[in-house]
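Presented below is the structure to which this report refers.
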Amino acid sequence: MSASGESPDLDLAALVADPATRVIVTCGSGGVGKTTTAAAIALLAAEAGRRTVVLTIDPALRLAQSLGLTELDNTPREVVGVDTSSGGRLFAMMLDMKRTFDDVVTAHATPERAQAIFDNPFYQSLSSSFAGTQEYMAMEKLSQLRLSDEWDLVVVDTPPSRSALDFLDAPQRLGRFLDGRMIRLLSAPARAGGKAYLKVVGASFSIFSRLLDRILGGELLRDVSSFVSALETMFGGFRERAQQTYELLKAPGTAFVVVAVPETAALREASYFVARLAADDMPLAGIVINRVAQQSAPGLSATRAAAAAEDIDSALPDPVDAAIAVAALRVHVETAAVVEAQSRLIRRLRIAHPGVATHSVPAMATDVHDLDGLREIGSALQV
Amino acid sequence: MPAVPRLHVVTGKGGTGKTTAAAALAIALASGGKRTLLVEVEGRQGIAQLFDTAPMPYEERQMAIAPGGGEVLALAVDPEAAMLDYLDMFYNLGRAGRLLRRMGAIDFVTTIAPGLRDVLLTGKVKEAVTRTKDGRLAYDAVVLDAPPTGRIIGFLDATREVADLTKHGPIHKHSEGVSQLLHGDATVVHLVTLLEEMPVQETIDAAGHLRDGGYHLGSVLVNRAQPRLLDESAATDGALDRAVAAGLAGSGIDPALSGPLAQGLRLHLTRAAVQDANAAQLVGLERPIIALPEQPGRIDLAALFELARALRTGLAEAQL
């Protein structure tokens, strides 16, 4: 516990070393360093002796290269340069959405049916832009990796979402839609081979179908209908698996790590994530706050530094040295203001979520794109 | 002479301050007695949060009075409401909403068929851009706080995709119309970025894709650039410690602090060099680059006005 009785410090080294931890999910709004954090956590785990796989979605090119990820092929590849002396290994893979979708279709439909789905003009468009597909597929892949028992630990990075927890909601939404009457209506014409279905489905359905016909036009309605009916065979599997993954996320052994930066909007999102995870009974390990500004000379007050910067100007023999010293003091003054503003924001977050562990990671001078950089972050993640 | 842009699409990597930049742009374009509409489409209520108001209903509301007496209105487009709006406008079917919801059609369009959803959203934007009131345009300009760079192409291209999928019929015609507006020279796409590696890379990639897609690029808006406090040529890395120590002599600052202060300056210079390198990459886009000065603390109306002023100057120089 910290002195002020707020939230405890999040110890990720202990979390990754614990054999009971089997899945770590990083989530947070866009641009907060989620992917880098996931990679650093995975490296930390591997070098602590665990057989680890990290699943990333859309990593920065150079970070991907540093992990040896040169192609999207849905196959975990071993990362070279990891210290394996503790017996751990690190594998990484990048999610190929289209391919994962194809795999699901292949796994759940007969070969003829699968081919019909692949050939449908709607499939091409939907499999890449289907709302929630990325989220759904990431969870699908996570579930495969977790259940394969090949790994001590699976670290997964969630897609940057439209709204905070799309990866939790998308499978559910998909399920809700699949259970809805729309789907039965849309697949009915193809199944019944004509208008016979109207007899079975009742009056409001027939009003509705006339409506659809008027809005979509007959030809489009037939295309949609045959696509939906082709997909229908696999829907049972979809729903079941979505539920299974959802349960897996809630199971002991899963830990969510919310990632944020010390800015109003990102911390607001983090708060929302924390509340949402709690509402869904998802196990939250804590919040990592990236890019926290650090004061290099914390003993010196900003007022003092500012006053000294004013004095120096005239008093000195060498104008170049004077200019450099003044710049150093001005950097100090500006950093002090940033540190002050950030710690106010972080303090508010900690007060708002007592009991939720947090951990601040200092801002690095440059972007991280190699194993050494990830190691540096990894050591900053430890208490 | 190209047409004056009337639809300003603002995109950028997540976390770069897209919504803030879009709001400032709406204020900038309204100043001097104009009327602009700021639109958001992702259901995040980002505008309400920015202006610190209650969540907005599906309704155009006044958000700010711009300097010189312009008016900024805002609208949060919700796909469900946009769909009902569309049905009412084109089919006179406003009352079918309940039936559609019960049947799951709203879920279908808004979550399962994203192409349709995006066309409904951009369709509403087009309606606002082309709307007339008392024989003149309702808005001088519309600013769209669009999805982030990772999704912008899919979002804008949805009109084409849906037009292709539907081949003909009313939805086809509608999508075609929206697509024409988005590709026309009345529409420009602005890219918001920070001077960091990933946002800059995404900006460059998105600019390429947008150009390939036949969209007109507006300006690159550089958010939160940190001013450099010491010229690059002023000090070589090795000499910093000595120079700071010498410079501080007699200032009353504890000499023991000169090492840490030099270290702070070194970090600052490293970051400034990274910023400069990233800024240099943006020049290759051959679009006007407008710097939005860092606003300390929470973004409030005063901060938005500051940003709007920077934008107005920048846009005037770029003749956009």
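Naming: A, B, ... by sequence-line order, numbering from 1 per chain.
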Search all heavy atoms of Val244(B) against all heavy atoms of Ala325(A) and return the closest pair with its distance. O-CB, 3.9 Å
Under the criterion side chain to side chain contact (heavy atoms under 4.5 Å, CB included), which of Leu265(B), Leu230(B), Leu267(B) is the partner of Val331(A)? Leu265(B)
Measure Arg268(A) against the heavy atoms of chain B and call it side chain, backbone, both or neither at under 4.5 Å. side chain
Go through Val274(B), Thr270(B), Ile253(B) and name the one with the most non-hydrogen pairs under 4.5 angstrom from chain A. Ile253(B)
Counting heavy-atom pairs under 4.5 angstrom with chain B, the leader among Arg304(A), Gln295(A), Arg344(A), Gln342(A) is Arg304(A)
Which answer fits Arg228(B), side chain, backbone, both or neither, if we ask what part of it has an atom under 4.5 Å from a heavy atom of chain A? neither
Most chain B-contacting option - heavy-atom pairs closer than 4.5 Å, from Val32(A), Thr335(A), Thr264(A), Leu300(A): Leu300(A)
Smallest heavy-atom separation, Pro260(B) atom then Ser296(A) atom, equals O-OG, 2.7 Å
What's the spacing between Ile324(A) CD1 and Asp231(B) CG if we round to 0.5 Å? 10.5 Å
Atom pair CZ/CE of Arg271(B) and Met364(A) - distance to nearest 0.5 Å: 9.5 Å
Contacting moiety of Ala307(A), where chain B heavy atoms sit under 4.5 Å: neither
Top of Ala297(A), Ala265(A), Pro298(A) for chain B proximity - count of heavy-atom pairs under 4.5 angstrom: Ala297(A)
For Arg224(B) and Glu263(A): C-alpha separation, side-chain torsions, deciding distance, then whether side chain to side chain contact (heavy atoms under 4.5 Å, CB included) applies. CA-CA 12 Å; Arg224(B) 285 186 239 144; Glu263(A) 286 164 20; 3.4 Å; yes
Would the number of heavy atoms belonging to other residues, nucleotides or ligands and lying under 6.0 Å from NE2 of His172(B) be above 12? yes
Under 4.5 Å from any heavy atom of chain B - which part of Gln294(A): neither
At a 4.5 Å cut-off on heavy atoms, which part of Ala266(A) comes close to chain B: side chain, backbone, both, or neither? neither
Audit row: Arg242(B), Asp321(A), side chain to side chain contact (heavy atoms under 4.5 Å, CB included) steps and yes/no: CA-CA 8 Å; Arg242(B) 191 210 50 79; Asp321(A) 287 351; 3.1 Å; yes
